[in-house]
Amino acid sequence: MLFVHPLYAEANVTDNVGQLHFVDGQGQWQEPALVLGSEFDIRVSGLIADTRLVRSFRNTSDQWREGVFVFPLPEKASVYGLTMKVGERTIEGKVQPKEMARRTYEKAKQAGQHAANVEQQRPNLFTARVANIPPGETVSVELNYQQPVGYQAGVFELSLPTTLTPRYMPGTPIRASTDQWQGGWALPTTEVADADAISPFTVKPADVAGDSHRASIELLIDAGLPLEEVSSPSHQLTTSQASQDGQTVTVRPAEGSILMDRDFVVRWRPRAGREPSAAVFHQSWQGEDYLLAMLVPGQIGKRVLPRELVFVIDTSGSMAGESIRQARSALQAGLQTLTPRDRFNVIRFNSQTHALFMQPEVATGNNLARARQYVARLRADGGTEMAPALSLALQDREGREEESPRVRQVIFITDGAVGDEAGLFRQIRQQLGDQRLFTVGIGSAPNRHFMREAARWGRGTYTAIHSASDMSGPLQALFSAMEAPVLTDIQVQWPGQEAGVESFPRRAGDLFQGEPLIHVARGVSAMGELRVSGRLPDGEDWRKTLDLQQAAPGTGLYRHWAREKIDSLQDEARVSGQEPDKAAITKLAVAHGLMSAYTSFVAVDTTPVRDAGTPLAPDNLPTLLPAGSEAGMLRYPQTATAAPVLIALGLVGLMFAVAIVLLQRRALP
């Protein structure tokens with residue numbers, strides 16, 4: 001039995017995810033039948049970017065197909081539109097409660113009608129389903145979404161994810177594998193109930209058609225102020241002036257269509273002296289006024305306190321390759337910022353957690369040398385058991401004797417490739433205390449939702465490292481900001497705040513150097529003043545006002561407000577330990593035409609095109625292996641095997657054999 005077992009289990013010999021590729025009914029290897037194309041048309045106006053994303057599914061087989069594609073979007077994306085195109089026909093999608101949208105889609109699929117359904121799995125992870133794609137034909141699904149533009153230290157940034165790093169799924173599987181092909185490489189677990197829905201297969205570019213998984217991108221930036229530079233840490237760009245005043249620029253990848261194996265990141269910097277210190281935008285929608293305000297405190301003197309820094313580095317298998325090299329370099333850069341007044345420790349984690357010191361030690365030359373050698377030897381393998389590392393880093397310091405007050409900061413360096421985000425956010429909130437948690441995103445396709453939200457719950461900031469050449473600038477800004485917050489105890493007062501004005505975020509966190517305060521409000525006309533106050537590092541009060549009559553026209557502000565309110569309702573549920581108010585979130589999302597955790601888009605063509613007797617074959621489209629990752633992160637489809645049963649039988653047989661040998665020894669003189 002032990003001899004025969006490898007013949008049955010050969011599909012499970014690499015990283016427990018198999019060697020099999022896409023196969024046909026006879027078990028012969030083949031590429032996916034569907035060829036995936038993507039077009040991104042992005043328009044930036046002020047602080048909001050609006051995107052039209054067209055996904056095309058071309059059926060190259062002689063069978064009717066259903067396409068299923070799990071894909072990332074920006075972590076703050078507000079999806080507000082879906083359109084399905086079949087030949088000359090255009091079908092507009094509608095927002096429905098998620099369960100209703102699923103039933104609508106399944107009914108149309110079984111009836112042989114063209115149908116499309118897009119639903120949210122995570123705030124930055126979505127699933128598109130397209131039913132009844134005819135042989136040799138193409139069906140396109142157009143998504144419309146908007147996202148806020150990032151701004152930090154005088155630089156605007158927009159990130160466009162195109163693939164994702166396979167996530168680690170902690171917990172015990174809650175159901176055994178079936179004999180059927182699965183839509184994802186992972187099974188649901190006790191800690192990640194939807195693991196099968198967020199684990200698309202991950203393959204090499206050579207495993208799909210040569211013209212598949214490529215994207216064309218056009219970005220129009222209307223900055224509202226003259227620009228000094230437009231750049232990208234991820235791709236070579238071609239730019240052209242779209243206006244005489246230099247305020248509008250068109251941006252495209254220099255290579256034309258790009259391979260969907262990394263985030264597409266664009267940055268633009270205003271001309272020196274023209275960096276915004278304040279901005280306000282106004283929009284009226286359905287009789288309501290919406291205002292979006294940005295305020296940058298600027299350079300404010302600070303009193304630097306001695307610190308206790310804990311560096312946490314992810315050394316799991318998903319970090320293998322370029323990611324672990326970037327992570328080591330980032331940590332070494334952090335060690336260089338320490339002074340003899342500081343204490344520090346280094347924690348690494350994968351399937352196990354290990355700390356360099358039993359407790360934080362003074363940053364002496366000898367201790368720093370030990371740390372540098374320790375970091376240089378780190379290698380990436382194993383699982384991503386993040387919770388024990390967080391517990392160790394955020395452990396209670398009560399009872400420790402301190403010679404002087406210290407600012408305790410945790411720097412978490414990871415790609416965020418985990419599936420149990422909600423549990424980790426809850427852990428951060430419960431254990432944080434008076435500490436600060438800063439996250440550093442590593443790799444070409446990090447889980448930005450986890451990184452940003454972990455930093456927000458940790459009252460710190462998030463920094464992304466896209467490549468080795470992109471490291472010095474972002475890290476220098478991060479470590480400079482960490483020396484002390486610019487403002488704490490921030491209060492935001494809109495005109496008429498007592499009269500039921502709803503503004504978000506409800507509680508402003510600390511502001512760090514170069515970081516803007518961004519607030520959105522409903523029910524405030526463009527009149528009066530916005531008042532903001534806070535406390536400086538030296539304890540003095542700080543106040544500033546912003547004239548709302550200077551508001552510029554804005555677009556999509558009502559969607560941004562609705563997204564912030566939905567996030568606020570979910571935050572309140574997390575803090576109280578209760579389930580989110582599903583009815584309130586659903587009502588809010590439907591009223592504003594938004595996708596959410598409880599609402600989805602569905603589009604159905606009323607005319608049947610496939611006979612009920614004609615079979616429909618599903619095609620679960622893969623994502624591409626993120627650039628810089630090693631082959632161990634590949635996740636190929638695999639069938640269920642009899643491996644667990646055969647292993648058990650083999651072990652039982654081995655136990656009997658050992659027992660017989662022992663009995664024979666006792667029987668012999």
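In what follows, residues are counted from 1 in the order of the sequence shown. Side chains are part of it too, since the values below use all heavy atoms of this structure and drop only hydrogens, waters and symmetry mates.
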Going from [atom1] on [X] to [atom2] on [Y], what distance comes out if it is rounded to the nearest 0.5 angstrom?
| X | Y | atom1 | atom2 | value |
| --- | --- | --- | --- | --- |
| F126 | F69 | CZ | CZ | 13.0 Å |
| L53 | E142 | CG | CD | 8.5 Å |
| L187 | D196 | CG | CG | 7.5 Å |
| T51 | L143 | OG1 | CG | 10.5 Å |
| L164 | L125 | CG | CG | 6.0 Å |
| S232 | L237 | OG | CG | 4.5 Å |

Using every non-hydrogen atom in the two residues, find where [X] and [Y] come nearest and quote the distance to one decimal.
| X | Y | answer |
| --- | --- | --- |
| I48 | P148 | CD1-CA, 4.4 Å |
| P188 | A193 | CB-O, 3.2 Å |
| I566 | L588 | CG1-CD2, 3.5 Å |
| P161 | L73 | CG-C, 3.5 Å |
| K109 | A131 | CG-CB, 3.7 Å |
| L36 | S212 | N-OG, 3.0 Å |

Legend entry - Check against side chain to side chain contact (heavy atoms under 4.5 Å, CB included), L390 and L424: CA-CA 8 Å; L390 276 172; L424 294 169; 3.8 Å; yes
Flag the pair [X] / [Y] as yes when at least one side-chain heavy-atom distance between them is below 4.5 Å, and no otherwise.
| X | Y | result |
| --- | --- | --- |
| D420 | E191 | yes |
| P622 | P32 | yes |
| H114 | V604 | no |
| Q570 | E572 | no |
| S140 | F57 | no |
| T90 | E92 | yes |
| V265 | L160 | no |
| L621 | F71 | no |

Quick one: does [X]'s side chain have a donor or acceptor within less than 3.5 Å of a partner on [Y]'s backbone?
| X | Y | result |
| --- | --- | --- |
| E218 | V251 | no |
| T599 | V590 | no |
| D619 | A33 | yes |
| W561 | F504 | no |
| K565 | I585 | no |
| S444 | G628 | no |
| N59 | G136 | no |

Legend entry - side chain to side chain contact (heavy atoms under 4.5 Å, CB included) assessment of L82 paired with M595: CA-CA 10 Å; L82 177 142; M595 192 184 302; 6.0 Å; no
Inset, instruction - Run the ring-centre check on H282 versus Y290 and record whether the distance is less than 6.0 Å. - result: no
Legend entry - Close aromatic pair by centroid cut-off 6.0 Å: H592 and W285: yes
Check this for me, if you would: do [X] and [Y] make a salt bridge, where the nitrogen-to-carboxylate-oxygen distance has to be below 4.0 angstrom?
| X | Y | value |
| --- | --- | --- |
| R448 | E75 | no |
| E99 | R102 | no |
| E421 | R122 | yes |
| R574 | D571 | yes |

State whether a side-chain donor-acceptor pair under 3.5 Å links [X] with [Y].
| X | Y | value |
| --- | --- | --- |
| Y145 | D50 | no |
| E453 | Y462 | no |
| R559 | S78 | no |
| Q121 | E119 | yes |
| T104 | Q96 | yes |
| S284 | D289 | yes |
| T165 | D415 | no |
| R52 | N144 | no |

Legend entry - Candidate pair M260 and S38, rule side chain to side chain contact (heavy atoms under 4.5 Å, CB included), full reasoning: CA-CA 9 Å; M260 294 168 56; S38 299; 3.7 Å; yes
Legend entry - Stepwise salt bridge (charged side-chain N to carboxylate O under 4.0 Å, His left out) test for E66 and R129: CA-CA 7 Å; E66 177 194 23; R129 294 179 175 85; 5.1 Å; no
Inset, instruction - Check step by step if ring pair (Phe, Tyr, Trp, His ring centres under 6.0 Å) holds for H235 and F264. - result: CA-CA 7 Å; H235 296 78; F264 180 78; 5.1 Å; yes
Inset, instruction - For atom CZ of R43, decide whether the heavy atoms of other residues, nucleotides or ligands shown that lie under 6.0 angstrom number more than 12. - result: yes
Inset, instruction - Start with the C-alpha distance between R55 and E39, add both sets of side-chain angles, then the distance that settles salt bridge (charged side-chain N to carboxylate O under 4.0 Å, His left out), and finish with yes or no. - result: CA-CA 7 Å; R55 302 278 196 202; E39 299 178 15; over 6 Å; no
